[in-house]
Amino acid sequence: MPQKTDEIFSQQFHQNPYDYYKEIRPHQPFTKVKLISGMETWMAFSYEASEAVLKDPRFIKDMRKVYPDEVTDENMPPIMSSMLFVDPPDHRRLRNLVQYGFTPQKINALKGRVEEIALEQVERMKGKETVDFIEAYAFPIPIRVICELIGVPEKDQMDFQRWSHVLVDVMDPEDHEEAMGEFIVYLENLIEQKKLTPQADLLSDLIRAEEDGDKLSKRELIGVIMLLIVAGHETTVNLIANGLLALLSHPDQLQLLKENPDLMPQAIEELLRYNGPVEFSTDRWASESFTFMGQEIAKGDHVIVSLASADHDPQVFSNPERLDITREKSPHIAFGKGVHYCLGAPLARLEGDVALRILLQTFPKVSLAVSESELEWRQSIIIRGLKTMFINLNNN
């Protein structure tokens, strides 16, 4: 059977990756593919291989350990010093400093504010026949929530969409470098402002941790904030937008959810599995040479996981191509697994639940304004998200 690994990351692939996964996964559960840059990487396609990669400590996140002479703090952006790109014990130290801002109690306390923001966004949409759902609703809610949590002034929040896209989308290296530089300068200035006038926000708390000693370096502080802003909204933007698209594409499931709104938490889990917001894991590197899934891995080999393919593996999920909001106990890995499991997963779930519930209550006749085939997906090596998604609000 012909394989399609050489077409991974093409625009055609991004339009519908699941057909590719269905063909590749049974025959090549863990195999080599080429990135857009031309670099070869190992990619896990099956659930078994994906889970094993995510939990195996021999696959490390800190590439400085693999290439100590080539990779240094001086030639890598600060986000590479965040908890997503380091290993224990540094990972645990950084995560411990941040995680108190994402405890169940803290997330539950945010619910009222998330609802207020969602209601404000639907008010702005009322009276309009058609809107870009991402621009009008899916993006503003999570960016406002994460920026308020961190302590970013409202007037600056729109800049983060462009800076975030730089980190997760495929683009010109010069544009990437310019936007990254702007992002770093902005955060350095914001940190100085918070040092002078600390407030009741996460950034001020992290600055105090930095000033306590060697808990958090300035570079780590910038890296952590970059990560929280990008991961704190990119995941949720695409959960909300991909989720609505999946429901609109499956009218029976949409109707079931309208008739049984208590199914929303269960529906969120299925939407995360069915067409989740994060398609690929971030980079991992083999810290040693060893045999894995029948393949010979060399020290320094690059490895990523297709979370989207794993979550459509029929060995784990019955009828994986079918959206079923009543699916029980989904073991999906949309938020990863192991020590790097997404810290913000409870917040993303809350925002997705609130956003879709309020949207469907306010605009129960919402529909796509274009055919599904006209939707264009962003070309990214991490996230799965639409460039735009125009919807009819059908207010009448």
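Residues take their numbers from the sequence shown, with the count starting at 1.
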Evaluate the ring planes of Tyr20 and Phe13, with Trp represented by its six-membered ring, and classify them as parallel (under 30°), tilted (30 to 60°) or perpendicular (over 60°).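 Correct class here is perpendicular.
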So Trp163 and Tyr186, would you call those rings parallel, tilted or perpendicular, with 30° and 60° as cut-offs?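 Answer is tilted, since the angle falls between 30° and 60°.
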Considering all heavy atoms of both residues, which atom of [X] and which atom of [Y] are nearest to each other, and what is their separation?
| X | Y | result |
| --- | --- | --- |
| Asn238 | Gly385 | OD1-CA, 3.2 Å |
| Leu323 | Ala246 | CD2-O, 3.6 Å |
| Pro140 | Ile134 | CD-O, 3.5 Å |
| Tyr18 | Glu321 | CB-OE1, 4.3 Å |
| Ile333 | Tyr47 | CG2-OH, 3.8 Å |
| Trp377 | Asn242 | CZ3-OD1, 3.6 Å |

Nearest 0.5 Å please: distance from the [atom1] atom of [X] over to the [atom2] atom of [Y].
| X | Y | atom1 | atom2 | answer |
| --- | --- | --- | --- | --- |
| Lys299 | Ser287 | NZ | OG | 8.0 Å |
| Leu257 | Gln253 | CG | CD | 9.0 Å |
| Asn75 | Glu70 | CG | CD | 9.5 Å |
| Ser81 | Ile222 | OG | CD1 | 9.5 Å |
| Glu192 | Ile207 | CD | CD1 | 8.0 Å |

Whether the side chain of [X] engages the backbone of [Y] through a donor-acceptor N/O pair (distance < 3.5 Å, no angle test) should be reported.
| X | Y | value |
| --- | --- | --- |
| Ser204 | Lys194 | no |
| Arg219 | Pro77 | yes |
| Lys258 | Leu360 | no |
| Thr197 | Gln193 | yes |
| Ser281 | Ile304 | no |
| Arg25 | Ser309 | yes |
| Glu279 | Ser306 | no |

Arg208/Asp205 ion pair, N-O < 4.0 Å: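 Yes, Arg208 and Asp205 are salt-bridged.
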Between Arg64 and Glu74, is the closest basic N to carboxylate O distance under 4.0 Å?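 Salt bridge flag = no for Arg64 with Glu74.
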Report the C-alpha distance between Leu187 and Ile229 in whole Å, list the side-chain angles of each, state the deciding distance to 0.1 Å, and finish with yes or no for side chain to side chain contact (heavy atoms under 4.5 Å, CB included). CA-CA 11 Å; Leu187 291 178; Ile229 291 170; 4.2 Å; yes
Which residue pairs pass the salt bridge (charged side-chain N to carboxylate O under 4.0 Å, His left out) test with at least one member in [range], sequence neighbours excluded?
| range | value |
| --- | --- |
| residues 76-91 | Lys65-Asp87, Asp90-Arg93 |
| residues 39-56 | Lys32-Glu40, Glu51-Lys337, Asp56-Arg58 |
| residues 284-294 | none |

Please tell me whether Val33 and Met39 are part of a single hydrophobic cluster in this structure, the criterion being side-chain heavy atoms less than 4.5 Å apart.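 The answer is yes; both residues are in one hydrophobic cluster.
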Between [Y] and [X], do the side chains contain a donor N or O and an acceptor N or O under 3.5 Å apart?
| X | Y | answer |
| --- | --- | --- |
| Gln266 | Glu270 | no |
| Glu372 | Ser249 | yes |
| Ser330 | Arg273 | no |

May I have the step-by-step check of ring-ring contact (aromatic ring centres under 6.0 Å, His included) for Phe280 and Phe9, ending in yes or no? CA-CA 11 Å; Phe280 303 103; Phe9 301 116; 5.1 Å; yes
Listed once per pair and sorted, the side-chain hydrogen bond (donor to acceptor under 3.5 Å, both in side chains) pairs that draw on residues 342-352, sequence neighbours left out: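 Output for this query lists Thr236-Glu351, Glu269-Arg349, Tyr341-Arg349.
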side-chain contact (heavy atoms from CB on, under 4.5 Å) partner of Leu368, chosen from Asn392, Leu245, Leu244: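 The passing option is Leu245.
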Worked verdict on Tyr21 versus Asp311 for side chain to side chain contact (heavy atoms under 4.5 Å, CB included): CA-CA 10 Å; Tyr21 294 146; Asp311 281 343; over 6 Å; no
Please, which pairs that meet ring-ring contact (aromatic ring centres under 6.0 Å, His included) have at least one residue in residues 61-98, sequence neighbours excluded?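 Of all non-adjacent pairs touching residues 61-98, those that pass ring-ring contact (aromatic ring centres under 6.0 Å, His included) are Tyr67-Trp285, His91-His340.
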Determine which pairs satisfy ring-ring contact (aromatic ring centres under 6.0 Å, His included) with at least one residue from residues 225-276, sequence neighbours left out, and list them in order.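 Qualifying pairs: Phe139-His233, His250-Tyr274, Tyr274-His312.
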